[in-house]
*Asks:* 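The following block contains the structure, expressed as structure tokens.
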Amino acid sequence: MDMVRIGYACVNTELPTSSRTCRLASATPERVIELGRENLRALADILRWNERHGIAVFRISSGIIPLASHSVVRGIPWAERLADDLGAVGDLIAASGARVSMHPGQYTVLNSPRPEVVSASLFELEYHAHLLDALGTGPEAKIVLHLGGVYGDQAASMERFASNFARLSTSVRSRLVLENDEKSYTASSILDLSARLGVPVVFDVFHHQYNPSLKNLSTRQIIQRCGVTWQPVDGPQKLHYSDPWPGKPAGSHAQTVDLQAFARFYDLIAGLNLDVMLEVKDKQASVMKVMAYLGA
DNA sequence: CCGCGTCAAGTTCAT
DNA sequence: ATGAACTTGACGCGG
């Protein structure tokens, strides 16, 4: 049993697309249900592929139910209509022991000063939890979120996050984990809020390089400090890893993993129990590359 | 049928 | 001002 498991996000580039969607203007109930069905079947294909290739960690795309949190789509009873396909995916997750998670997009900003942005974010987070609930997963199936904006006052913005967090359902609160970002909120800030809310911390190695903190600690020590925020019910500690894309603006993810750099990182986490999410453009190919390299 | 402009939504930073 | 970055390219109009 491996201590470190490695996974990828949303798309398997060897399989047909998993993300059918539609325009808001064409989002009729029948259309959304049909696209959701196709997306769930494609997700089942990915999970079977993962199991065959020994990949246990996977991030489910937020777009499974297109436009799910939008007011036009919100009332559509997709969980009932798609119960069979949701059950099939849930069975695959349970049978394969896959660790799944989700990661809402850049538009989910729980600490915005704008009430309509917060409201949309609450709906979006509830949709993520609803989907993970419908798949029969427990609180180890995490929803990874960035803290949000700063708006010129970081302390007040963290305060707003805390008060809006309290408005979330038990399901979202049991699944939510906070990630450091490359511009505003350092691992140190995230750990502060984590201590207050009792929410685990996903350490993103790449973001930490651009937006460092806790400079008296080694990277390994920071990872261990984040590890303390994970309780047994949360599942193994999760961590994000990626490389920069040379020549592209800071923050953009590389086409493929750099094996040399990953090997150095792997030495640094030796002996820790981690689920590592690889954020690279070539997805499963990089995971296979790394697993082959480590197995060799 | 194919090319390509556009798509629900926020915030920040670099040019 | 504009574009690009972030979890993910696909939809669908016009020729």
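Computed from a predicted model, the values in this text were never measured in an experiment. So that the names make sense, note that chain A is the first sequence line, chain B the second, and so on, each numbered from 1.
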*Asks:* What's the CG-P distance between A/N211 and B/dC13, to the nearest Å?
*Replies:*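 To the nearest whole Å, that distance equals 10 Å.
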*Asks:* Could you state the atom-to-atom distance from CG of A/L147 to P of B/dG10 in whole Å?
*Replies:*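 Spelled out: CG on A/L147 to P on B/dG10 is 18 Å.
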*Asks:* Give the ring-plane orientation class for A/F161 versus A/F165, where under 30° counts as parallel, over 60° as perpendicular and anything between as tilted.
*Replies:*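 Answer is parallel, since the angle falls under 30°.
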*Asks:* Check whether the side chain of A/S69 and the base of B/dA9 form a donor-acceptor pair under 3.5 Å.
*Replies:*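 Checked by distance alone, the answer is no.
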*Asks:* If the threshold is 4.0 Å, N to carboxylate O, is there a salt bridge linking A/E126 and A/R167?
*Replies:*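 Answer for the salt bridge query: no.
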*Asks:* Per the side chain to side chain contact (heavy atoms under 4.5 Å, CB included) rule, which among A/N39, A/I33, A/L35 passes with A/R37?
*Replies:*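 Going through the options one by one, the only one that passes is A/I33.
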*Asks:* In this structure, how many angstroms lie between the P atom of B/dA14 and the OH atom of A/Y210, rounded?
*Replies:*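 Taking OH of A/Y210 and P of B/dA14, I get 12 Å after rounding.
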*Asks:* Among A/N164, A/V172, A/T170, which residue satisfies the side chain to side chain contact (heavy atoms under 4.5 Å, CB included) criterion with A/L168?
*Replies:*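 Result: among A/N164, A/V172, A/T170, A/V172 is the only option passing the side chain to side chain contact (heavy atoms under 4.5 Å, CB included) with A/L168.
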*Asks:* Go through the steps to decide whether A/H208 and A/F203 satisfy the test ring pair (Phe, Tyr, Trp, His ring centres under 6.0 Å), and finish with yes or no.
*Replies:* CA-CA 8 Å; A/H208 177 71; A/F203 181 65; 5.0 Å; yes
*Asks:* Test A/R59 against every option in A/H240, A/K142, A/K238, A/R99 by the side chain to side chain contact (heavy atoms under 4.5 Å, CB included) rule and name the one that passes.
*Replies:*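 That would be A/H240.
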*Asks:* Under 4.0 Å, counting only non-hydrogen atoms across every strand here, what does A/L67 touch: a base, just sugar-phosphate, or nothing?
*Replies:*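 Since a base atom lies under 4.0 Å of A/L67, the category is base.
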*Asks:* Between B/dA8 atom C1' and A/Y127 atom OH, what is the distance in whole Å?
*Replies:*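 After rounding, the gap between these two atoms is 14 Å.
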*Asks:* Taking CG from A/N111 and C1' from B/dG10, how many angstroms apart are they, rounded to a whole number?
*Replies:*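 Taking CG of A/N111 and C1' of B/dG10, I get 11 Å after rounding.
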*Asks:* Take atom C1' in C/dA5 and the same atom in B/dG3, then report the distance between them in whole Å.
*Replies:*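 Between the two C1' atoms, the distance is 26 Å.
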*Asks:* Counting any heavy atom closer than 4.0 Å, what does A/T108 reach on the DNA or RNA strands: base, sugar-phosphate only, or nothing?
*Replies:*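 Since no nucleic acid heavy atom lies under 4.0 Å of A/T108, the category is nothing.
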*Asks:* Is A/D45 salt-bridged to A/R48, going by a charged N under 4.0 Å from an acidic O?
*Replies:*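 Looking at A/D45 and A/R48, the cut-off is met.
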*Asks:* Rounding to an integer number of Å, can you tell me how far A/D181 CG sits from B/dT11 C1'?
*Replies:*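 These atoms are roughly 10 Å apart.
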*Asks:* Atom CZ of A/F123 and atom P of B/dG10: how far apart are they, to the nearest Å?
*Replies:*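 Rounded to the whole Å, the gap is 16 Å.
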*Asks:* I'd like to compare against my own output: the B/S/- annotation of nucleotides 7-15 of chain C with a strict under-4.0 Å heavy-atom distance to protein.
*Replies:* BBSBBS---
*Asks:* Under 4.0 angstrom, heavy atoms only, what part of the nucleic acid is A/V150 near: base, sugar-phosphate, or nothing?
*Replies:*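 Counting heavy atoms under 4.0 Å across all strands, the contact made by A/V150 is with sugar-phosphate only.
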*Asks:* Expressed in whole Å, how much space separates the P atoms belonging to C/dA4 and B/dG5?
*Replies:*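 Each nucleotide's P atom is 13 Å from the other's.
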*Asks:* Say we look at C/dT8 and C/dC13: how far apart would their C1' atoms be, to the nearest angstrom?
*Replies:*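 Rounded to whole Å, the distance is 23 Å.
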*Asks:* Rounded to the nearest angstrom, tell me the gap between atom CG in A/L145 and atom C1' in B/dG10.
*Replies:*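 In whole Å, B/dG10 C1' and A/L145 CG are 13 Å from each other.
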*Asks:* Given the P atoms of B/dG10 and C/dG9, what is the spacing between them in whole Å?
*Replies:*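 Nearest-Å result for B/dG10 against C/dG9 at atom P: 22 Å.
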*Asks:* Is A/K183 reaching over with its side chain to a backbone N or O of A/N211, donor-acceptor style, under 3.5 angstrom?
*Replies:*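 Checking the backbone N and O of A/N211 against the side chain of A/K183, no donor-acceptor pair under 3.5 Å is found.
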*Asks:* Expressed in whole Å, how much space separates the P atoms belonging to C/dA1 and B/dA8?
*Replies:*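 Comparing P positions in C/dA1 and B/dA8 gives a spacing of 26 Å.
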*Asks:* For A/D133, is there an ion pair with A/R175 - N to carboxylate O distance below 4.0 angstrom?
*Replies:*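 Result for this pair is yes, salt bridge flagged.
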*Asks:* Write out the stems for DNA chain B, ordered by first number and formatted as range with range, counting runs of at least 3 consecutive Watson-Crick or G-U wobble pairs under 3.5 Å.
*Replies:*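 When the pairs of DNA chain B are grouped into runs of at least three, the stems are B:1-7 with C:9-15, B:10-15 with C:1-6.
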*Asks:* Is the distance from the ring center of A/F58 to that of A/Y8 below 6.0 Å?
*Replies:*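 Yes, close enough.
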